[in-house]
Amino acid sequence: MLYSRYFIPTTKETPSDAEVVSHQLMLRAGMIRKLASGIYNYLPLGLRSIRKFENIVREEMNKADAIEMLMPSVQPAELWQESGRWAFYGKELLRFKDRKEAEFCMGPTHEEVITDMVRREIKSYRQMPLNFYQIQTKFRDEIRPRFGLMRGREFIMKDAYSFDVDSAAADLSYEKMYNAYMRIFERCGLNFRAVEADTGSIGGSSSHEFMVLADSGEDAIVSCDACRYAANIEKAESPLYSVGSNASAEPLQKVSTPAMKTIADVAAFLNVTADNTIKTLVYASDNGDLAMALLRGDHELNELKLKNYLGWDEIQMASEEQILACTGSPVGFLGPIGLKQDIPVIADRVVQGMTNLVLGANEVDQHFINANRGRDFEVSGFVDIRTVEAGDACPRCDTGKLEMWRGIEVGHVFKLGTKYSKALNATYLDANGREQIIFMGCYGIGIGRTVAAAIEQNHDENGIIFPIPIAPFHCSVVAVNTKDAGVMAAAEEIYFCLEKLGVEVLFDDRDERPGVKFKDNDLIGIPLRIVVGSKGLAEGKVEVKIRSTGEVLSLSLDEVVTTVKQLIDTAFAHQE
RNA sequence: CGGUGAGUAGCGCAGCCUGGUAGCGCACCUGCCUUGGGAGCAGGGGGUCGCUGGUUCGAUUCCAGUCUCACCGACCA
């Protein structure tokens, strides 16, 4: 490719509305341009990287026996009404009507469409297992699109859907996809973790997220430093503390704690440590149900765990009015003793072993000391409802400690069970001629987001440092002075030879000063740069600079082509 | 949807307080010069000052409304 005939609109200055590095660099490198909020043009260079990654995904999907197809982005409302998600999905689903006033939506995901196809075509257990995938544009009307391709409204996604005869077979399909995902992100040279995750609005029984580690990541994840346990913090299990204190129960006593509203205030005032106190929180569901949560004073609640335990659709902190109605006290002095309404009191498991507690008395400026469960109050259950912290013991092994990371979710695999197949009545006949419900799994990879995440993880002050497998070009040839006929001839020769070998070369033949070319080549992340200049040429030498290490090789004209080809082959060697 | 801030040339910004029809840097075009890390000189093109209305002889500037964008939050594969 001739740079002078190609289209790479780089900029020196960073657009003011780009917040994260990947967004800034993709704009500056001329990979993307914004059309509207969360909606982007993929410029030629950006598209090349996207296509590179798509092909890696495609290869691994095919190897894992998934079959490529393509579904429409416009979907009829009927299917969504049938699955129940037309009502459930909310404003994120972009809806509209056609000329006949029939309702449609832009597909945010394709469970309905694929399940509809499968229920029409799949009749027998002999036809399964099946796994269909597509690489296609999704639209989700996000409340707040941000960070460029990281959280767009329109974005490219690989989604796959597996269909199996039973749960055990579905587990195998899941495992195949999980392993394929591991290979995909390994091939891109990304530093990532597969973590246990909540299933969210997609539903189903279990799931893993694939998280690229980056400080700008929107998710918090923990991983064990000794075993393989890793989880999204939303899901991460809190370790079981050794329960049972030997202290004998002291008499319950009400004490005055004037204007002491926070755990820290109360603990300091009563001269106890925060881990002897109880934090009391009241939560409300969307239809007005209330529940009280008890945690050790220095612990944080995990709202998702509480929500899942209670089986609520939505969870939020109760309003002042709701709290006053059920406890008789304003926030700051809440506790489980003497409630005005009968609401569930959920205690974190850690609370089970605590004795002689400090907790609110449901009266302004009053707390109890030496409160004990069983004697002074009861709870509806002991449940893991706290948020894990860095340094917590691993819930799975004896020796490990949890480490905390920020991550970008680039892939997510779900075991769906029969959620959609049941709703849409996707069935088959088993060997006994009996009708059975199909078991499903679904598997997504954010294509653009992965490319952005790769940049987030691979850049320096000069720009992008693309891992070769997803770099838009493998290498470039920079002719230092295009007016020097010798330089141009040598550069062209190298360019033609490399192209003949199947290497993707960007030939920087622009009539620009060398500094401009070097800066642009660095910015767009070309992994290998071959520089042909008159000085080196006088000695029969050209220079090869490796973007990732900064290493510079001085090579003779004879060897440069084979050496570069070798360097590239080596980079791809572990790939297959 | 709540909070904050911003809309002036393709990009980054100034001007607005104190009204008189718009400026700087980068980019772009022409010429000269230059060629190993975003050179230099000279000349040039490009703007309904987000939109609508009001005040005024006159509005980018003051007032009201409205739209859009970004950030924080809530939300979210």
Side-chain angles (χ1 to χ4, degrees), chain A residues 9-20 23-24 27-28 30 33-39 85 88-93 107-111 138-148 150-153 155 157-161 197-204 207-211 218-219 232 234 286 303-304 307 314-317 408-414 416 442-447 449-450 461-463 478-484 487-488 508 510-523 529 531-537 541-543 545 550 552 554:
Chain A
T10 59
T11 66
K12 274 195 231 179
E13 281 175 296
T14 305
S16 58
D17 56 1
E19 199 66 16
V20 297
H23 188 197
Q24 294 171 348
L27 288 166
R28 287 193 51 209
R33 286 292 185 263
K34 187 169 76 173
L35 209 219
S37 179
I39 302 177
R85 285 161 115 194
F88 186 72
Y89 221 98
K91 286 193 186 163
E92 205 178 312
L93 187 64
T109 175
H110 282 68
E111 281 84 6
K138 300 278 183 278
F139 193 94
R140 294 183 187 175
D141 201 356
E142 295 275 355
I143 300 171
R144 183 141 99 81
R146 58 183 141 179
F147 304 157
M150 210 73 98
R151 181 172 294 280
R153 293 196 292 170
F155 58 100
M157 175 173 169
K158 187 285 303 181
D159 46 329
Y161 305 89
D198 188 68
T199 51
S201 68
I202 294 282
S207 79
H208 285 86
E209 289 168 335
F210 291 77
M211 294 280 190
E218 295 187 82
D219 291 280
N232 191 305
E234 293 178 344
D286 46 342
E303 289 187 7
L304 198 63
K307 179 184 126 179
E314 295 293 336
I315 191 166
Q316 58 199 358
M317 297 206 70
I408 300 165
E409 181 192 348
V410 290
H412 203 157
V413 293
F414 295 87
L416 289 176
C442 78
Y443 317 92
I445 290 179
I447 301 289
R449 187 186 279 186
T450 304
E461 67 281 3
N462 290 317
V478 176
V480 172
N481 183 351
T482 51
K483 295 210 166 62
D484 183 323
V487 164
M488 280 306 273
D508 197 342
R510 293 175 299 167
D511 183 21
E512 288 284 356
R513 296 171 57 85
V516 174
K517 298 187 184 186
F518 294 149
K519 286 287 185 192
D520 276 340
N521 275 264
D522 284 350
L523 177 60
R529 186 182 74 199
V531 180
V532 184
S534 45
K535 285 182 200 161
L537 213 53
K541 298 272 191 183
V542 296
E543 172 191 300
K545 184 161 184 178
V552 178
S554 181

### Message
Please give the distance between the C1' atoms of B:G10 and B:G3 as a whole number of Å.
### Response
32 Å

### Task
Quote, to the nearest angstrom, the C1' distance that separates B:C49 from B:U61.
10 Å

### Query
Pick the nucleotide of RNA chain B nearest each of A:Thr14 and A:Lys138; which residue has the one closer to the 5' end?
A:Thr14

### Message
Both A:Glu209 and A:Gly38 contact RNA chain B. Which one's nearest nucleotide lies toward the 5' end?
### Response
A:Gly38

Under 3.5 Å, is there a donor-acceptor pair between the side chain of [X] and the main chain of [Y]?
X	Y	value
A:Tyr443	A:Gly411	no
A:Glu512	A:Lys517	no
A:Arg28	A:Thr11	yes
A:Arg529	A:Lys545	no

### Message
Just to be sure I understand the rule, does A:Glu13 reach a base, reach only the sugar-phosphate, or reach nothing, if contact means heavy atoms closer than 4.0 Å?
### Response
base

### Query
Quick one: which of A:Val532, A:Val531, A:Asp508, A:Val542 gives a side-chain contact (heavy atoms from CB on, under 4.5 Å) with A:Val480?
A:Val531

### Query
Hey, is A:Glu142 close enough to A:Arg151 for a salt bridge, meaning N to O under 4.0 Å?
yes

### Task
Please check the phosphate of B:U68 (OP1 and OP2 only) for any side-chain N or O of A:Ser37 closer than 4.0 Å.
no

### Message
When you measure from the side-chain N and O atoms of A:Arg144 to the phosphate of B:C69, is any distance below 4.0 Å, counting only OP1 and OP2?
### Response
no

#### Entry: Watson-Crick or G-U counterpart of B:A59, or none if no pair lies under 3.5 Å
none

### Query
If pairing requires Watson-Crick or G-U wobble contacts with both distances under 3.5 Å, which nucleotide is the partner of B:G40?
B:C32

### Task
Using the side-chain hydrogen bond (donor to acceptor under 3.5 Å, both in side chains) rule, take A:Thr109 and A:Glu111 through it: C-alpha gap first, then chi angles, then the decisive distance, then the call.
CA-CA 6 Å; A:Thr109 175; A:Glu111 281 84 6; 2.7 Å; yes

### Message
How would you summarise protein contacts on nucleotides 28-38 of chain B per nucleotide, using B for base, S for sugar-phosphate only and - for none, with heavy-atom distances below 4.0 Å?
### Response
------BBBBB

### Task
Using a 4.0 Å heavy-atom cut-off, write out nucleotides 3-9 of chain B from 5' to 3' as B (base contacted by protein), S (sugar-phosphate only) or - (no contact).
-------

### Message
Taking the ring centre of each residue, are A:Phe210 and A:His208 less than 6.0 Å apart?
### Response
no

